[in-house]
Every structure is written in structure tokens, then in C-alpha cells.
Amino acid sequence: MTEILEKDLHHWLEHVRIYANNGKVADYIPALANQQPEINAVAYFPLEGDVIHAGQSEYSFTIQSISKVITLALALVQHGENAVFNRVGKEPSSDPFYSIAKLEVESPGKPFNPMINAGALAVTNMIRGRNSEEMVEEVLQLVRLLTNDEEVYYDEEVAKSEFETAFLNRSLAYFMKQNGIITGSVEELIDVYTKQCAISLNVKQLARIGAVFANDGRDPDTNNPLIPSHVARICKTFMVTCGMYNASGTFAIEVGIPAKSGVSGAIMSIIKGGGGLAVFGPSLDERGNSVVGMQFLQKLAQEKRWSIF
Ligand code: DON
């Protein structure tokens, strides 16, 4: 593991920040359209030593699709592999994250993987709780454990904004309800899903979650097990095969580390034997990945020879 220093983070963030001009802030969730493209931040939480960071590392953003890794871990812990993979597949889809196309083609409406929206909705539907409030609490509790921060909550404005406009996600959910993949109230499911996506963290907190995965599910400070190691391994594998959506193959070649992006512009990544690395920049490429984040990870991973391949 090549050492990584705070000056490396400053250097590469400064080098790639201009790429923000090559992308566009997500606006299909109205509240996200207010994000400032020039804001960027990075943090590295090592398994040994203190967190290092650069840019606006206190700035909080919503984690969006990065929550899919967390709900997958939670569902696997609560129900086991058989139950989860009965409802969702294990294969990359090559379609955009919001796509409904394969639900009709594949039998019988089972989503390809838990990292696309359809798959994540099917997974969230499994979270324990008598109502949406209890389900959201389960997700929040896991995030609080992983970040070691009891204050973690979701951004109510972003959650409400997505809930009011999530017509495509409702369509995916209703399609899967018709096919028996999803049970119960779709409105409650969308309520939980939009709140999990709106969980608000800064890069230091997100990097700590990455560090737990880098540490095979154990707390990076205390080494206490937080997630079983086989669950952490499954999550990391999905991050490699599907974490950057239909850019996952290119990302595996160019960068080669487990990573998960969100349309807010955040990316959580894992350096094997090293720690968790989180980067944020809200300007996105056409596939919904942060342009600054992608450039940053590519440059640093190549310099440090982080590829796991
Ligand atoms: O469901 C959605 O569309 C958003 N809440 C999350 C999508 C997302 O982050 C995809 N990321 N690149």
C-alpha cells in the first residue's frame, strides 16, 4: 500500500477541479439543482492513523445511491443471502440506473442487481420495520454505527423534493409489485427510499464508512465487527461490478477499486488494505457520476497503483 498524504489530496483535487465545467448538476430531483458545481471535497480514512482531507470537507451532501450499499448490507444481515438474492440478481445490467427495460425482459420482473434503482427498491422493501418510520430508523442506525456519529440524519428538503417527483421510481416499484418482487405499500417504500437517499454526510463521514468496508466490516478505530465480513465482501464485489452504473467496466479498467457513486456528486471508494476514500463534486457526467470525483480517483489510483486487478 503506497502511503497517501494530505498534500496528495490537495494536489489532485486542485488539479481536477476544473473538470466541473465538463458536467452538469443533477436537476431531476429539484432540490439537488441548487448544488454549487464549484464545491468539492475529499477525505481519506485510513485503517491506521487519522483522517486526512482537502477542499470543503465539512460540507454535507445527500448520499443518494451510495445508500444502496448500506441497505444491501442491512438486508443481508437481516434476511441472509438466499432471501435477498431471491428478489434481486447479481449481474451488471449495462443500462442506466433508472432503467425499467430489463424488468420486462427478464423473468419475472426480478431486477438485475441491487445497485440499480429497481434492485435497490426491492432491497429496501425487505428492511425490517412495521412502518416506513421504523424502516428509516433501521437504516439510520446502521449509518450512525458505521460513521460513529449519533447525529446523522437525512435532509428533509431533499427527501421531500424527491418524494414529490419520484414518478419513475414509483413505476419501477409498481412493476415489481405486480410481479411479486415487492410487497406492501409503494408509497411507504418510496418514503423510505427517498429518505435513505437523502441521508446527509460530509466526506469525512463517508470515508469512514468506506474504511469499515476496507476493514472487512470491522470498525476502523476499535476493530469491533459492525458488519459480517462475508456481507462486506458481497457489497464490495457489487461496487466493482455495478457501483458506477453503466460506467463500471471502464472504471474498473481506469481505476480498479470498489466504488459507489450518487447523483449528488459523491463517490465512496475502498482502498484494499488502506482505508476509505470519499470524494464530492456535484457536477455529473452523462451517466450520473461526479466528473471531478472520477478524474480525482483515476489520477490518484494510477499514481498510487491502487487497482486491485
Ligand atoms: O433514485 C434516484 O434517482 C436517486 N435518489 C438516486 C440515484 C443515484 O444516486 C444514481 N447515481 N448515480
Side-chain angles (χ1 to χ4, degrees), residues 23-35 61-72 88 92-100 103 111-125 132 136 139 143 154-176 182 186-187 189-201 206 209 238-239 241-251 255 258-269 278-294 297:
K24 217 172 134 283
V25 170
D27 56 8
Y28 75 99
I29 299 172
L32 289 186
N34 304 329
Q35 295 195 111
F61 46 81
T62 59
I63 60 173
Q64 296 300 330
S65 282
I66 300 169
S67 66
K68 291 168 176 159
V69 180
I70 292 156
T71 47
L72 173 64
V88 64
S93 76
S94 79
D95 292 326
F97 61 85
Y98 47 79
S99 179
I100 200 166
L103 283 184
F112 259 55
N113 68 68
M115 300 292 122
I116 51 173
N117 285 7
L121 287 162
V123 167
T124 294
N125 188 235
S132 58
V136 172
V139 182
V143 178
Y154 60 84
D155 182 321
E156 292 179 11
E157 188 200 338
V158 174
K160 182 168 181 283
S161 171
E162 183 172 10
F163 184 83
E164 286 170 352
T165 52
F167 307 116
L168 197 44
N169 281 330
R170 281 185 177 82
S171 312
L172 295 170
Y174 276 113
F175 200 100
M176 289 186 286
I182 275 174
V186 166
E187 286 307 296
L189 172 59
I190 299 295
D191 183 37
V192 181
Y193 175 79
T194 50
K195 285 174 180 165
Q196 78 177 54
C197 288
I199 289 173
S200 178
L201 298 178
L206 190 59
I209 300 181
F238 275 120
M239 289 169 75
T241 56
C242 318
M244 307 303 282
Y245 300 108
N246 45 338
S248 297
T250 308
F251 188 83
V255 188
K260 182 74 200 82
S261 69
V263 281
S264 52
I267 302 176
M268 176 177 81
S269 65
V279 54
F280 175 77
S283 186
L284 307 179
D285 63 23
E286 66 284 356
R287 280 153 176 186
N289 295 318
S290 166
V291 281
V292 166
M294 297 284 271
L297 291 174

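Only this structure's heavy atoms are used, side chains among them; waters, hydrogens and symmetry mates stay out. Counting convention: from 1, in listed order, for ligands and their atoms alike.
Contacts between Leu284 and ligand 1 below 4.0 angstrom, taking non-hydrogen atoms only, are absent altogether. When non-hydrogen atoms are compared, ligand 1 lies under 4.0 Å from neither the backbone nor the side chain of Tyr98. When non-hydrogen atoms are compared, ligand 1 lies under 4.0 Å from the side chain of Asn117 (C-beta onward) but not from its backbone. Using a 4.0 Å cut-off between heavy atoms, Arg287 makes no contact with ligand 1 at all.
On a distance-only criterion, Tyr193 and ligand 1 share at least one N/O pair closer than 3.5 Å. Considering backbone and side-chain N/O atoms, Gly262 never comes within less than 3.5 Å of an N/O atom of ligand 1. Inclusion of Ile29 in the set of residues having an N or O under 3.5 Å from an N or O of ligand 1 is not warranted.
Counting atoms of ligand 1 from 1 in the listed order, those under 4.0 Å from a heavy atom of Glu162 are 1 (O), 2 (C), 3 (O), 4 (C), 5 (N). Residue Tyr245 approaches ligand 1 through these ligand atoms, each under 4.0 Å from one of its heavy atoms: 8 (C), 10 (C), 11 (N), 12 (N). Residue-ligand proximity, Cys197 to ligand 1, at heavy-atom distances under 4.0 Å covers atoms 5 (N).
Listed for the Ser171 side chain is a donor-acceptor partner under 3.5 Å among the backbone atoms of Phe167. Between the side chain of Arg287 and the backbone N or O of Phe97 there is no donor-acceptor pair closer than 3.5 Å.
Among protein heavy atoms, atom 10 (C) of ligand 1 sits closest to Ser65 OG, 2.8 Å. Among protein heavy atoms, atom 3 (O) of ligand 1 sits closest to Tyr28 OH, 2.5 Å.
Shortest non-hydrogen contact noted between Met244 and Asn289 is O-ND2, 3.3 Å.
Summarising the local packing, CD of Glu157 is surrounded by 12 or fewer heavy atoms from other residues, nucleotides or ligands at distances under 6.0 Å. Other residues, nucleotides and ligands contribute over 12 non-hydrogen atoms within 6.0 Å of the CZ atom of Phe175.
Under the salt bridge (charged side-chain N to carboxylate O under 4.0 Å, His left out) criterion, Asp155 pairs with no residue, sequence neighbours left out. For Glu156, there are no salt bridge (charged side-chain N to carboxylate O under 4.0 Å, His left out) partners two or more places apart in sequence or in a different chain.
Under 4.0 Å is where a charged nitrogen must lie from a carboxylate oxygen, and between Lys24 and Glu286 no such pair does.
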